[in-house]
Undergrad: 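Have a look at this one.
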Amino acid sequence: MGCDGGTIPKRHELVKGPKKVEKVDKNAELVAQWNYCTLSQEILRRPIVACELGRLYNKDAVIEFLLDRSPDKALGKAAAHIKSIKNVTELRLSDNPAWEGDKEGTKGDKHDDLQRARFICPVVGLEMNGRHRFCFLRGCGCVFSERALKEIKAEVCHTCGAAFQDDDVVVLNGSKEDVEALRQRMEARRLRAKLGKKAKKPKAAESVSSPDGEEAPGPSGVKAGKPEAPGPEPREKPAHAAARGAAASASGAPAGKAGKAERGAPKRSIADSEESEAYKSLFTTHSSAKRPKEAAAHWVTHTSYCF
């Protein structure tokens with residue numbers, strides 16, 4: 001059953017002890033965080049964006065993730081808080097002049113310096129390799145080292161001059177405490193934006209009010225009120241209406257009472273009015289309209305063509 005042929009087993013081959021905790025190489029972890037996309041695990045290339053938690057992504061990888069949210073993607077949980085392209089900020093990075101990159105061919109005897117970074121702080125010149133804390137501004141996307149923001153205190157960006165607040169500063173690839181604080185700040189910011197959108201929406205049940213604060217009468221209020229006084233008849237002359245108003249004012253009666261009295265009085269015939277005969281002849285109550293047909297004019301013009 002084993003141990004044949006004179007073999008002598010050792011203790012670690014027969015007794016299983018506790019498993020050793022695998023230690024993560026810090027240098028490899030820093031290289032992965034600062035040089036590779038969190039979603040696609042590819043090398044970071046411009047345009048580079050960062051989320052509200054301070055993680056770095058390739059912009060095309062974020063767009064592909066938003067277009068295809070398949071649950072089978074293993075790295076989808078790392079970007080579950082990204083709901084739209086507005087939740088990420090495109091970064092303005094300063095190139096490191098000492099970084100050679102792919103200018104020279106990689107050979108077997110060449111030493112790759114992992115401490116050399118592609119980008120630096122434009123204020124104090126620190127390299128963005130993970131050894132120093134870096135942050136960016138959500139408003140303009142400019143990237144600085146945390147030392148530069150502490151030593152040179154200002155309320156505007158050192159590069160573009162845009163104003164910012166403490167809430168706009170996001171730490172890149174921070175610790176667990178930094179990520180938790182950024183998550184709470186992100187949730188509070190989104191809640192405020194959601195409440196602001198609800199407040200801007202008009203309420204359908206709210207009635208329309210006048211500038212003085214009094215409610216304006218609606219269509220039903222107009223119908224429920226007193227009917228307006230009817231205007232003068234279209235066939236009456238304006239001078240006749242003015243004469244009636246002058247007579248009412250001369251008698252001393254108010255204008256409203258005079259109008260009611262006129263509406264309650266029986267209508268007079270145009271034949272009894274004091275108008276001219278030419279005006280009276282326009283109506284059917286005139287005596288000229290009651291003439292027989294033989295006496296009425298036939299309006300036929302006799303010309304030489306009729307004979």
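Computed from a predicted structure; not experimentally measured. The first residue of the sequence shown is numbered 1, and numbering continues consecutively from there.
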Undergrad: Starting at CD of E180, measure out to CG of L53 and round the result to the nearest 0.5 Å.
TA: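 Reported to 0.5 Å precision, the distance equals 9.5 Å.
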Undergrad: Should V49 and L67 be counted in the same cluster of Ile, Leu, Val, Met, Phe, Trp and Tyr side chains packed under 4.5 Å apart?
TA: yes
Undergrad: Taking atom CD of E13 and atom CZ of R11, what is their separation to the nearest 0.5 Å?
TA: 12.5 Å
Undergrad: Would the distance check show the side chain of R46 and the main-chain N or O of L93 forming a donor-acceptor pair, the cut-off being under 3.5 Å?
TA: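 The answer is yes, because a donor-acceptor pair under 3.5 Å joins these two groups.
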Undergrad: So, R185 and D166, do they make that salt bridge, N to O below 4.0 Å?
TA: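 D166 and R185: not salt-bridged.
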Undergrad: Run F119 and L91 through side chain to side chain contact (heavy atoms under 4.5 Å, CB included) and show every step you take.
TA: CA-CA 11 Å; F119 310 108; L91 301 181; over 6 Å; no
Undergrad: Taking the side chain as every heavy atom from C-beta outward, state whether K200 and K197 have any atom pair closer than 4.5 Å.
TA: no
Undergrad: Does the N129 side chain pair with the main chain of A117, one donor and one acceptor, at a distance under 3.5 Å?
TA: no
Undergrad: Does some side-chain heavy atom of L39 sit less than 4.5 Å from a side-chain heavy atom of E64?
TA: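 Side-chain contact under 4.5 Å: no.
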Undergrad: For the pair H158 (side chain) and I152 (backbone), establish whether a donor and an acceptor sit closer than 3.5 Å, ignoring hydrogens and angles.
TA: yes
Undergrad: Same cluster or not: V124 versus V143, using hydrophobic residues (I, L, V, M, F, W, Y) connected whenever any side-chain heavy atoms lie under 4.5 Å apart?
TA: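 Same cluster.
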Undergrad: If you look at every heavy atom in N173 and Q33, which pair is closest and at what distance?
TA: ND2-O, 3.3 Å
Undergrad: Should we say atom CZ of R147 is surrounded by more than 12 heavy atoms from elsewhere, each under 6.0 Å from it?
TA: no
Undergrad: Would you find more than 12 non-hydrogen atoms of other residues, nucleotides or ligands less than 6.0 Å from I43 atom CD1?
TA: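 No, the 6.0 Å shell around CD1 holds no more than 12 heavy atoms from other groups.
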Undergrad: Which pair of heavy atoms, one from A148 and one from V123, lies closest together, and at what distance?
TA: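 Smallest heavy-atom distance, with atoms named: CB-CB, 3.8 Å.
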Undergrad: Answer yes or no: does atom OH of Y36 have more than 12 heavy-atom neighbours from other residues, nucleotides or ligands under 6.0 Å?
TA: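 For Y36, atom OH is not crowded (no more than 12 foreign heavy atoms under 6.0 Å).
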Undergrad: If you compare all heavy atoms of L182 against all heavy atoms of V169, which two are closest, and at what distance to 0.1 Å?
TA: CD2-O, 4.5 Å
Undergrad: Please report the interatomic distance CD(E187) to CD(E52), rounded to the nearest 0.5 Å.
TA: 10.5 Å
Undergrad: Within the 4.5 Å heavy-atom criterion, are V88 and K59 side-chain neighbours or not?
TA: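 When only atoms from C-beta onward are counted, K59 and V88 do not touch, as no gap falls below 4.5 Å.
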Undergrad: Considering only heavy atoms from C-beta outward, does the side chain of I120 approach that of P97 to under 4.5 Å?
TA: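 Side-chain contact under 4.5 Å: yes.
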Undergrad: If hydrophobic clusters are built from ILVMFWY residues whose side chains come within less than 4.5 Å, do L149 and V156 share one?
TA: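 Cluster IDs for L149 and V156 differ.
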Undergrad: Using the rule that two of Ile, Leu, Val, Met, Phe, Trp, Tyr join whenever any of their side-chain heavy atoms come within less than 4.5 Å, decide whether M128 and V171 are in one cluster.
TA: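 Unlinked, M128 and V171 end up in two clusters.
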Undergrad: Going from CG on L172 to CZ on F136, what distance comes out if it is rounded to the nearest 0.5 angstrom?
TA: 6.0 Å
Undergrad: Mind listing the closest non-hydrogen atom pair of F144 and C157 along with its distance?
TA: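 Minimum heavy-atom separation between F144 and C157: CZ-SG, 3.5 Å.
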Undergrad: Quick check: do C121 and H132 have side-chain heavy atoms less than 4.5 Å from each other?
TA: no
Undergrad: Applying the 4.5 Å side-chain criterion to the ILVMFWY set and letting contacts propagate, would V179 and I82 be lumped into a single cluster?
TA: no
Undergrad: Can you confirm whether Y57 sits close enough to F65 that some side-chain heavy atom of one is under 4.5 Å from a side-chain heavy atom of the other?
TA: no
Undergrad: For T38 and L56, indicate whether the former's side chain and the latter's backbone hold a donor-acceptor pair under 3.5 Å.
TA: yes
Undergrad: How long is the span from the NE2 atom in H81 to the CZ atom in R55, to the nearest 0.5 Å?
TA: 5.5 Å
Undergrad: Could you tell me which non-hydrogen atom of G130 sits nearest to which non-hydrogen atom of L30, and how far apart they are?
TA: O-CD2, 3.9 Å
Undergrad: Do V170 and C135 have side chains that get closer than 4.5 Å, going by heavy atoms?
TA: no
Undergrad: What's the spacing between N58 CG and E42 CD if we round to 0.5 Å?
TA: 6.5 Å
Undergrad: Could you report the tightest heavy-atom contact between P9 and L14, atom names first, then the distance?
TA: CG-CD1, 3.9 Å
